[in-house]
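Notes follow the structure.
Positions are given from 1, in the same order as the sequence printed here.
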Amino acid sequence: MRTAPVDIGGAIVPNNVFCAPLAGYTDFAFRRLCYSYGAGLCFTEMVSAKGLKYNSEATRALLHRHPSERDTAVQIFGSDPDVMRAACESEDLADFSVVDINMGCPVPKVFKNGEGSALLGDMPLAEKIISACKKSGKRICVKFRTGISEDKKVTAEFAKMCEGAGADLITVHGRTRDKYYSGEPDYREIAAAKRAVKIPVIANGGIFSDADAEKMIAETGADGVMVARAALYDPHIFAELTGKDAPRDIKRDVLDEIEDMLPFYGEKFTLVQMRKMTAFYTKGLRGSAEYRKRLFAADSISALYAIIEEIFPE
Ligand SMILES: Cc1cc2nc3c(=O)[nH]c(=O)nc-3n(C[C@H](O)[C@H](O)[C@H](O)COP(=O)(O)O)c2cc1C
């Protein structure tokens with residue numbers, strides 16, 4: 001696709017191919033990989049504003065950054081405007097100049113708390129949250145869906161509200177909460193959001209190839225795309241979409257990720273995470289089903305290294 005820089009409230013991001021926030025996946029090691037293949041901007045996974053308020057160590061670990069990392073955006077979620085603003089102003093977020101607010105998460109635990117996609121049904125509260133966060137002085141992005149249910153889509157109206165409340169950029173995931181992650185994205189709704197506002201609009205949903213990205217831009221007029229699940233299977237998709245000359249080397253990527261993770265997470269969590277990631281990355285390789293079985297049986301980092309050597313012999 002044709003790339004272009006994106007202006008987020010005066011901060012220029014090098015290109016308009018973003019890596020989505022993905023809970024359980026988009027940590028510092030994975031983001032480094034995505035940047036190396038050309039992603040213009042990566043996001044942390046969703047971080048609870050309440051978790052930060054109550055000093056949760058597990059929540060804080062999600063904010064860890066790679067020493068080489070550029071200006072990654074942090075995504076926060078919550079439903080209390082004061083708590084959300086306090087999170088933006090906290091020391092924890094001092095290193096992040098761009099804050100993304102999650103207004104799309106469909107998960108019942110989040111939805112029932114009035115957070116994530118529940119805010120699509122309470123526009124006045126969503127507006128209060130955005131303007132409270134804006135008062136922190138951070139650049140504010142909002143990521144939302146087209147509505148809670150298929151019979152009540154609110155995309156353009158919600159986009160306008162975000163802009164009016166001070167958002168510097170919006171990302172529209174072209175599906176309703178009811179649809180979770182299935183089905184085609186609703187191009188018409190994303191296009192309506194794009195027409196409704198002047199701030200940059202990033203389109204998300206169902207982008208698994210350069211052709212998908214081209215189609216998304218052509219159908220919606222959006223300023224850029226955000227890739228989510230496709231990046232888990234193949235972070236090289238960022239090179240495909242941006243044209244960056246960065247050949248894929250899965251073995252090197254896996255070994256680099258392990259090396260990044262070990263000192264921060266320790267062996268136990270690194271093993272759990274990298275069994276999962278390696279299984280994603282090797283999907284589609286010859287014999288991958290058998291490798292997956294063996295990967296999940298690996299009970300130490302050295303067993304994991306041994307399987308990696310077998311999958312990718314020199
Ligand atoms: C495992 C998983 C975790 C996700 N975590 C988040 C998250 O933390 N924050 C968020 O805004 N969206 C999250 N999403 C939604 C994605 O960012 C994205 O909007 C969605 O997957 C649609 O894009 P895709 O069709 O390219 O996968 C998650 C999706 C998946 C599958």
(request) For residues V6 and P200, report the shortest heavy-atom separation together with the two atoms involved. (result) CG1-CB, 4.0 Å
(message) With a 3.5 Å distance limit and no angle check, can you tell me whether K244 reaches the backbone of S36 through a side-chain donor-acceptor pair?
(response) yes
(message) For the aromatic rings, using the six-membered ring if either is Trp, is the centroid distance between F269 and F264 under 6.0 Å?
(response) no
(message) Can you tell me how far apart CG (D92) and CG (L62) are? Round to the nearest 0.5 Å.
(response) 11.0 Å
(request) Apply salt bridge (charged side-chain N to carboxylate O under 4.0 Å, His left out) to K251 and E309, showing your working. (result) CA-CA 8 Å; K251 182 179 182 181; E309 285 303 326; 3.0 Å; yes
(request) Kindly give the heavy-atom pair with the smallest separation between L120 and R145, and that separation in Å. (result) CD2-O, 3.5 Å
(message) If the condition is salt bridge (charged side-chain N to carboxylate O under 4.0 Å, His left out), which residues does E157 pass it with, not counting sequence neighbours?
(response) none
(message) Holding to side chain to side chain donor-acceptor pair (under 3.5 Å), I want the full list of residues that pass it with K128, two or more places apart in sequence or in another chain.
(response) none
(request) Report the distance from atom CZ of F238 to atom OG1 of T3, rounding to the nearest 0.5 Å. (result) 13.5 Å
(request) Output yes when a side-chain donor or acceptor of K160 lies under 3.5 Å from a complementary backbone atom of A196, and no otherwise. (result) yes
(request) Mark yes or no for whether S300, through its side chain, and A303, through its backbone, hold a donor-acceptor pair below 3.5 Å. (result) yes
(request) Only counting residues at least two apart or in another chain, list the ones meeting salt bridge (charged side-chain N to carboxylate O under 4.0 Å, His left out) with R65. (result) none
(message) I need the full list of side chain to side chain donor-acceptor pair (under 3.5 Å) pairs touching residues 256-274, with sequence neighbours left out, sorted by first then second residue.
(response) D27-Y265, R32-D260, H66-D260, E257-Y281, Q273-K276
(request) Return yes if some donor-acceptor pair links the side-chain N/O of T146 with the main-chain N/O of R175 below 3.5 Å, else return no. (result) yes
(message) Any heavy-atom pair between the side chains of I76 and S48 that's under 4.5 Å?
(response) no
(message) Is any side-chain heavy atom of I101 closer than 4.5 Å to one of K143?
(response) no
(request) Evaluate the salt bridge (charged side-chain N to carboxylate O under 4.0 Å, His left out) criterion for residues D234 and R248: first the C-alpha distance (whole Å), next the side-chain angles of each, then the deciding distance (0.1 Å), finally the verdict. (result) CA-CA 9 Å; D234 186 6; R248 179 90 213 256; 2.8 Å; yes
(request) Would you give the length of the straight line joining atom CZ of F18 to atom SG of C141, rounded to the nearest 0.5 angstrom? (result) 7.5 Å
(message) Are the side chains of V154 and I148 in contact, using a 4.5 Å heavy-atom criterion?
(response) no
(message) With a 4.5 Å cut-off on side-chain heavy atoms, are I258 and L304 touching?
(response) yes
(message) Any carboxylate oxygen within less than 4.0 angstrom of a Lys/Arg side-chain nitrogen, looking at R31 and E69?
(response) yes
(request) With sequence neighbours left out, write down each residue that passes salt bridge (charged side-chain N to carboxylate O under 4.0 Å, His left out) with K194, or none if nothing qualifies. (result) D223
(request) Following the transitive rule for hydrophobic clusters with a side-chain heavy-atom cut-off under 4.5 Å over Ile, Leu, Val, Met, Phe, Trp and Tyr, establish whether F111 and V107 coincide in one cluster. (result) no
(request) Group every Ile, Leu, Val, Met, Phe, Trp and Tyr by side-chain heavy-atom contacts under 4.5 Å, then state whether L271 and M274 land in the same group. (result) yes
(message) Counting C-beta onward and ignoring hydrogens, is there a side-chain heavy-atom pair between I129 and M103 closer than 4.5 Å?
(response) yes
(message) To check you understand the geometry: which heavy-atom pair defines the closest contact between A231 and F30, and what is its length?
(response) O-CZ, 3.5 Å
(message) Tell me every residue that passes ring-ring contact (aromatic ring centres under 6.0 Å, His included) with F158, counting only those two or more places apart in sequence or in another chain.
(response) F144
(request) Report whether I170 and I217 are members of the same hydrophobic cluster (ILVMFWY, side-chain heavy atoms less than 4.5 Å apart, transitive linking). (result) yes
(request) Find the distance between SG (C162) and CD1 (I140) and round it off to the nearest 0.5 Å. (result) 11.0 Å
(request) Consider only side-chain heavy atoms of I, L, V, M, F, W and Y, link residues closer than 4.5 Å, and tell whether L93 and F77 are in one cluster. (result) no
(request) Indicate yes or no: at least one non-hydrogen side-chain atom of M216 is less than 4.5 angstrom from one of I190. (result) yes
(message) Using the side chain to side chain contact (heavy atoms under 4.5 Å, CB included) definition, which of the options D71, V47, T44 pairs with F96?
(response) T44
(request) Drop me the distance from C105's SG to E115's CD, to the nearest 0.5 angstrom. (result) 9.0 Å
(request) Given salt bridge (charged side-chain N to carboxylate O under 4.0 Å, His left out), test K50 with D80 step by step and report yes or no. (result) CA-CA 9 Å; K50 242 191 266 164; D80 181 324; over 6 Å; no
(message) Show the nearest heavy-atom pair for residues K134 and A165, with the distance to one decimal.
(response) CB-O, 4.2 Å
(message) According to side chain to side chain donor-acceptor pair (under 3.5 Å), does anything in residues 100-114 pair up with another residue at least two apart or in another chain? List the pairs.
(response) Q75-D100, Q75-N102
(message) Is there a side-chain contact between P5 and V13 in this structure, where contact means two heavy atoms from C-beta onward sitting under 4.5 Å apart?
(response) no
(message) Starting from Y180 and following side-chain heavy-atom contacts under 4.5 Å between hydrophobic residues (I, L, V, M, F, W, Y), which residues can be reached?
(response) Y181
(request) Output all residues satisfying side chain to side chain donor-acceptor pair (under 3.5 Å) with Y35, sequence neighbours left out; order by chain, then residue number. (result) T72
(message) Membership question, hydrophobic clusters at under 4.5 Å side-chain separation (ILVMFWY): are V83 and M46 in the same one?
(response) no
(message) Check whether R177 reaches the backbone of S117 with its side chain - one donor and one acceptor, N or O, closer than 3.5 Å.
(response) no
(request) Name all residues meeting the side chain to side chain donor-acceptor pair (under 3.5 Å) criterion together with R252; count only those two or more places apart in sequence or in a different chain, and write none if there are none. (result) Y37
(request) Starting at CG of L295, measure out to CE of M277 and round the result to the nearest 0.5 Å. (result) 12.5 Å
(message) Using a 3.5 Å distance criterion without hydrogens, assess whether the side chain of D168 forms a donor-acceptor pair with backbone atoms of I8.
(response) no
(message) Main chain of L52, side chain of S56: is a donor-acceptor contact present, judged purely on distance under 3.5 Å?
(response) no
(request) Mind listing the closest non-hydrogen atom pair of R70 and A39 along with its distance? (result) NH2-O, 3.2 Å
(message) I'd like to know if E219 and R188 make a salt bridge, using a cut-off of under 4.0 Å between side-chain N and carboxylate O.
(response) no
(request) Sequence neighbours left out, what passes side chain to side chain donor-acceptor pair (under 3.5 Å) with S79? Give chain and number order. (result) none
(request) Verify the neighbour count for atom OH of Y233: are there more than 12 heavy atoms of other residues, nucleotides or ligands below 6.0 Å? (result) no
(request) With side chain to side chain contact (heavy atoms under 4.5 Å, CB included) as the test, would you mind laying out the steps for V172 and N204 before giving the verdict? (result) CA-CA 6 Å; V172 184; N204 167 241; over 6 Å; no
(message) If we ignore hydrogens and angles and just use 3.5 Å, is the side chain of T278 paired with the main-chain N or O of R275 as donor and acceptor?
(response) no
(request) Examine the side chains of D178 and T176 and answer whether a donor and an acceptor come within less than 3.5 Å of each other. (result) no
(message) If I compare all heavy atoms of M161 with all of A126, which pair ends up nearest, and what's the gap?
(response) CE-CB, 3.7 Å
(message) For K179, give me all partners under salt bridge (charged side-chain N to carboxylate O under 4.0 Å, His left out), at least two apart in sequence or on another chain.
(response) none
(request) Check whether any side-chain heavy atom of K283 lies under 4.5 Å from a side-chain heavy atom of R292, and answer yes or no. (result) yes
